[in-house]
Amino acid sequence: MSGGQETNGWPGLRVEEGEDRVVWRLNRPEVRNAIDHELVRALHDACAAVEHEPKIVLIIGEGTTFAAGADIAQLRERGRDDALRGINSKIFDRIHKLPMPTIGLLDGYALGGGAELAYACDFRIGTPRTRIGNPETGLGILAAAGAAWRLAELVGEPLAKEILLAGRVLTAEEAQSVHLLNEIVQPDDLLATGHLLADRIAAQAPLATRLMKAVFHAPRGAHPFVDDVAQAVLFETEEKQARMTAFLERRNRKEGNR
């Protein structure tokens, strides 16, 4: 699937629905897709729809930027109570916990909140002009929407500290070398490559994919019990029986043709 039907009227977010996936297009190119209150509200609504009807999510920015961060004009006016409300941290955590995998498609800058949105995705595909970093301390604040802990899990503590404490911005090649980017493709191929990855995910059993993602992100203390419970659910499904039967039949046919 390479297209879908647009289904919303949010000015900052375009949603294109497909049968097994949805594309979220950040649509504020005039401000490099800066993440403001309105976009956060739109993302919450989009999350609610995917939580109700689980689908693979592809996130891309309109124009030549994924997301240059939070809206600085709004950010400058935020005070203590705004920080404690966790405006961005809550939406990125919600995206991270969506039932099906999420794919961030990063062209150009993914900085600050834009980088933290990318870190919340399960997969990240970039272009040669992708740049990823967290310049928050240079603005007198910190990366408080997931980077402070999620980035170290993704790239390791030494590099995470360079990015968070010394303002290092990674090139696409550097990000791929530490597996922060799964792949680098040309800008014109970015969305199509995201759909190819979504095709591979969609070919798996949907419930098994959902439970595998949930088990993967379960805290260490929940294992192995959570693994066994999830497996017990899957062992009783018709899809498990059908897929394993089909596998055995294919193997028997191959052996019979030798």
Side-chain angles (χ1 to χ4, degrees), residues 10 12-16 21-29 31-51 56-72 74-75 78 83 85-98 100-127 129-136 139 141-155 160 163-164 169-170 172 175 180-182 190-191 194 197-198 213 217:
W10 296 303
L13 182 70
R14 288 169 49 198
V15 174
E16 301 162 11
R21 71 199 65 177
V22 59
V23 177
W24 296 350
R25 192 179 295 271
L26 310 180
N27 190 32
R28 304 186 71 221
V31 289
R32 298 194 299 177
N33 298 320
I35 301 168
D36 65 352
H37 284 296
E38 187 173 4
L39 180 52
V40 168
R41 286 194 294 269
L43 287 169
H44 274 296
D45 287 346
C47 282
V50 173
E51 289 160 352
I56 302 161
V57 176
L58 297 90
I59 307 176
I60 193 169
E62 187 66 43
T64 59
T65 298
F66 178 67
D71 190 307
I72 301 299
Q74 284 189 3
L75 202 58
R78 292 182 188 175
R85 277 195 287 271
I87 295 169
N88 284 1
S89 62
K90 287 180 179 176
I91 183 56
F92 297 160
D93 195 50
R94 190 173 184 180
I95 289 170
H96 182 68
K97 293 176 179 175
L98 287 174
M100 290 292 282
T102 53
I103 305 169
L105 302 174
L106 283 57
D107 188 21
Y109 288 108
L111 299 176
E116 290 179 299
L117 172 57
Y119 304 155
C121 293
D122 296 298
F123 303 95
R124 286 160 295 278
I125 300 172
T127 74
R129 59 192 180 197
T130 299
R131 299 293 182 270
I132 306 174
N134 290 92
E136 283 89 343
L139 296 170
I141 59 174
L142 58 84
W149 55 274
R150 191 171 281 140
L151 185 56
E153 294 179 352
L154 292 170
V155 303
I163 295 168
L164 297 172
V169 175
L170 300 182
L180 188 58
L181 290 180
N182 297 89
L190 185 59
L191 184 58
L197 177 54
K213 177 175 175 176
H217 289 296

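For the numbers below, each heavy atom of this structure counts, side chains included, while hydrogens, waters and symmetry mates do not.
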From [X] atom [atom1] to [Y] atom [atom2], the distance as rounded to the nearest 0.5 Å:
{"X": "Leu154", "Y": "Tyr119", "atom1": "CG", "atom2": "OH", "answer": "8.0 Å"}
{"X": "Leu170", "Y": "Arg131", "atom1": "CG", "atom2": "CZ", "answer": "10.0 Å"}
{"X": "Asp93", "Y": "Asn88", "atom1": "CG", "atom2": "CG", "answer": "12.0 Å"}
{"X": "Leu111", "Y": "Asn134", "atom1": "CG", "atom2": "CG", "answer": "8.0 Å"}
{"X": "Ile87", "Y": "Ile35", "atom1": "CD1", "atom2": "CD1", "answer": "12.0 Å"}
{"X": "Leu191", "Y": "Ile60", "atom1": "CG", "atom2": "CD1", "answer": "5.0 Å"}

Next item on the list: Would you indicate whether the side-chain heavy atoms of Lys97 and His217 approach each other to under 4.5 Å?
Entry: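 Contact flag for His217/Lys97 side chains = no.
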
Next item on the list: Check whether any side-chain heavy atom of Val169 sits under 4.5 Å from a side-chain heavy atom of Pro135, and report yes or no.
Entry: no

Next item on the list: Can you establish whether the number of heavy atoms outside Tyr109 located under 6.0 Å from its atom OH is more than 12?
Entry: no

Checklist line | Glu116 bridged to Arg150 by N-O distance under 4.0 Å | finding: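 Answer for the salt bridge query: no.
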
Check [X] against [Y] and note the closest heavy-atom contact, atom names and distance.
{"X": "Ala198", "Y": "Leu58", "answer": "CB-CD1, 4.3 Å"}
{"X": "Ser89", "Y": "Ala144", "answer": "CB-O, 3.7 Å"}
{"X": "Leu39", "Y": "Gly12", "answer": "CD1-O, 3.3 Å"}
{"X": "Ala175", "Y": "Ile132", "answer": "CB-CD1, 4.0 Å"}
{"X": "Arg14", "Y": "Glu62", "answer": "NH1-OE1, 3.1 Å"}
{"X": "Phe66", "Y": "Gly114", "answer": "CE2-O, 3.4 Å"}

Checklist line | Passing candidate, side-chain contact (heavy atoms from CB on, under 4.5 Å) with Val57, options Leu98, Val23, Ile95 | finding: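 So, applying the side-chain contact (heavy atoms from CB on, under 4.5 Å) to Val57 and each of Leu98, Val23, Ile95, only Leu98 qualifies.
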
Would you say the side-chain atoms of [X] pair up with the backbone N or O of [Y], donor to acceptor, closer than 3.5 Å?
{"X": "Thr127", "Y": "Asp107", "result": "no"}
{"X": "Arg28", "Y": "Ala34", "result": "yes"}
{"X": "Arg21", "Y": "Ile56", "result": "no"}

Margin query: Whether the Thr65 and Asn33 side chains hold a donor-acceptor pair (N or O, under 3.5 Å, no angle test) is what I'd like checked.
Written below: no

Item checked: Arg85/Arg78 under side-chain contact (heavy atoms from CB on, under 4.5 Å): CA gap, chis, key distance, verdict -> CA-CA 11 Å; Arg85 277 195 287 271; Arg78 292 182 188 175; over 6 Å; no

Margin query: What verdict does the side-chain contact (heavy atoms from CB on, under 4.5 Å) test give for Val15 and Asp45, after you've listed the backbone C-alpha separation in whole Å, the side-chain angles of each residue and the deciding distance to 0.1 Å?
Written below: CA-CA 11 Å; Val15 174; Asp45 287 346; over 6 Å; no

Next item on the list: List the steps, then state whether side-chain hydrogen bond (donor to acceptor under 3.5 Å, both in side chains) holds for Asp122 with Thr102.
Entry: CA-CA 5 Å; Asp122 296 298; Thr102 53; 3.2 Å; yes

